[in-house]
A.B. asks: 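Sharing a structure here in C-alpha cells format.
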Amino acid sequence: MASKTACEEFIPKLSAFIDGELSPKERVDVERHLSACSDCVGRAADLRAESALIRVGMEMLADDVDFRDFSQRVMARLTPERPPLLERWKISLGELFTYRRGAIASFAAAAVAAFVVGAVSVARSGMPEGYASPRMAVQTVSTDPEAHVAPVVMKSEGGDAIIWLVSHRHGLEASGGGRTEEVQTEELDMEPKPAKQSTPAPKLNQERPRGGEL
Amino acid sequence: MATDDLTLVKRVRSGDQRAFKLLVERYQRKVYSVALGMVKDREEAMDVSQEAFVKVHKYLDHFKGDSSFYTWLYRITVNICIDVLRRRAAAKGEHVELDENIQLDSAEANIGALGSRLGTNPQKSLLRKELAAKIEEALQEVPEKHRAILLLRELEGMSYEDLARTLEIPKGTVMSRLFHARAKIQKILNKYLELDEAKSGIGSE
C-alpha cells in the first residue's frame, strides 16, 4: 500500500497526468503509484469526470444560444477604412438599382432625353450658363424637403457623375412646366451634366440646362 | 477541407471581409463558451464575444503568424473577460482577487465520488440543466486566471504549451493553476451532488 506521503507527492501531478502532459518519466512514476494506490486511482477518476463535466456542461449552456446572426452582428461592428465617398455612393446606388429598378430606369431615360435636349439647346444658343469654364466646382448641395429626389448616375469620360433629379411639384403646378431642376455633381472635378424630367421637353430658349451652383 | 486559419487571416488582410466572417463562424461558439465560463452572465458573454472578434479584426495587422490564430483570439477574449470582471468588481467596491496562492484544502472527504457518480464520459442528454448551472457557478469560485486556464483546457482542449503561450505564463504555472482550479471545483461539485442526492434519495440504494 502506498504511503500517505507518497500520495502527497503524486496528487499535484494527477491533473497533468489525466491531461497527458507529464514527461514520460513522470508518467511512469504516476502509473506505478496508481497500481498500488486505490485512492489515487479514485482521484484520477474524479479529475476525469470533472473535466468531462465542465466541458459537457458548458457546451450545454452554449447550446441555448442562437448564433445564426452572430457573425452578421460582428461584421456590422467592424470599421474598415471608410471607402471613398464615390464607392459608398456606388453601393447605395447599386441597392437602389436593385430594388427600384423600374423607377430608376424611367429617370435614367428622362435624363438621357434631357441630355439630348440640352445638347440641342447648346447647339442653338451657345453654351448654357455655367459652362463658361471647362470645370465647375460645387459649392453646396441641397434639396428641397418637399421635392421628390432621385439620383441617377451617368458615366462620363472623367468618371461617374451623380446627378440629382429633383421634381418640384409646387413649381410644376404653379408655373406649368417651369420646373425647378437641380443638377449637382458629386466630386469637385467632375463634369456636371444637365438632366430633365420625363415631362414634355421644355421650350428650348425658355429654359436652359444649368450646371451646379457656382 | 476547410481553409486553415492563417490562410483566412491573409485573405482578410488583403481585403476579403468574407474570410473574416468565416473565422467568426468557426470560433464564435467556442469563444462564447469561454466568455460565459468567465463572466457567467449571458448577455455580457455575448458582448465579450463580439468585442473579441471586433478587436481581433482591428488589430489583425499586429497578429504575427508565429502563434496560432486561436491562441491569439483566446488571449484577447480572456483579457476582455478579465477587464469586465474587474470593472464589475470595482463597481461593487469589491476587492479583486488577483490570483495565485489559493489555499488548497486537502480535506478530501470522498475520493472517487465524482468519478463513480458520473463516470468519465457523461452524456449531454443525461446531464441536467441544474448541474450545468452549478458547474457554471462553481467556476466563479475560482480566481479568474485559474478559471481561464481551466476553460481553455476543458473547452478547447489546449495543450499546456498552447495555454502557456496564450496566457503568457510559464508551463509550470499552467500545471499548478489547473491543479488548484480543479481541486476547488471538485469540492464544490461534490458538495452539490451530496446535497442533491440527500434531497432526492438517489445514492441510498
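Sequence lines set the chain letters: A, B, ... in the order given, protein chains first and strands last, and positions in each chain run from 1.
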A.B. asks: Output all residues satisfying side-chain contact (heavy atoms from CB on, under 4.5 Å) with A:Arg32, sequence neighbours left out; order by chain, then residue number.
C.D. replies: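 side-chain contact (heavy atoms from CB on, under 4.5 Å) check on A:Arg32 returns A:Val28, A:Asp29.
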A.B. asks: Taking every heavy-atom pair that is under 4.5 Å apart, which of A:Asp19, A:Leu61, A:Ile54, A:Val74 has the most such pairs with chain B?
C.D. replies: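 If we count pairs closer than 4.5 Å to chain B, A:Asp19 comes out on top.
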A.B. asks: Just by distance, with hydrogens left out, do B:His146 and B:Glu141 show a side-chain donor and acceptor under 3.5 Å apart?
C.D. replies: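 Note: B:His146 and B:Glu141 side chains miss the donor-acceptor criterion.
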A.B. asks: Go through the steps for B:Asp5 and B:Tyr27 under the test side-chain hydrogen bond (donor to acceptor under 3.5 Å, both in side chains), then give the verdict.
C.D. replies: CA-CA 10 Å; B:Asp5 292 353; B:Tyr27 287 106; 2.4 Å; yes
A.B. asks: Counting only heavy atoms closer than 4.5 Å, note whether B:Leu23 contacts chain A via side chain, backbone, both or neither.
C.D. replies: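 Answer is neither: B:Leu23 stays 4.5 Å or more from chain A.
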A.B. asks: Quick one: list whatever passes side-chain hydrogen bond (donor to acceptor under 3.5 Å, both in side chains) with B:Glu137, sequence neighbours left out.
C.D. replies: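 Applying side-chain hydrogen bond (donor to acceptor under 3.5 Å, both in side chains) to B:Glu137 gives B:Lys134.
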A.B. asks: Sort out for me which of B:Arg42, B:Arg153, B:Met175 touches chain A most, counting heavy-atom pairs under 4.5 Å.
C.D. replies: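 Most heavy-atom pairs within the cutoff with chain A belong to B:Arg153.
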A.B. asks: List the steps, then state whether side-chain contact (heavy atoms from CB on, under 4.5 Å) holds for A:Phe17 with A:Leu34.
C.D. replies: CA-CA 11 Å; A:Phe17 172 74; A:Leu34 288 179; 3.6 Å; yes
A.B. asks: What part of B:Glu51 is in contact with chain A, defined as an atom under 4.5 angstrom from a non-hydrogen atom: side chain, backbone, both or neither?
C.D. replies: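 Backbone plus side chain of B:Glu51, per the 4.5 Å heavy-atom cut-off to chain A.
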A.B. asks: Of the backbone (N, CA, C, O) and the side chain (C-beta and beyond), which part of B:Leu22 lies under 4.5 Å from a heavy atom of chain A, both, or neither?
C.D. replies: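 It is neither, since no heavy atom gets under 4.5 Å.
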A.B. asks: Do B:Ile149 and B:Lys145 have side chains that get closer than 4.5 Å, going by heavy atoms?
C.D. replies: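 Contact flag for B:Ile149/B:Lys145 side chains = no.
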A.B. asks: For chain A, find which of B:Tyr32, B:Tyr160, B:Phe53 contributes the most heavy-atom pairs closer than 4.5 angstrom.
C.D. replies: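 Most pairs with chain A among the choices: B:Tyr160.
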A.B. asks: Does any backbone or side-chain atom of B:Ile185 lie under 4.5 Å from a heavy atom of chain A? Answer side chain, backbone, both or neither.
C.D. replies: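 The answer is both parts of B:Ile185.
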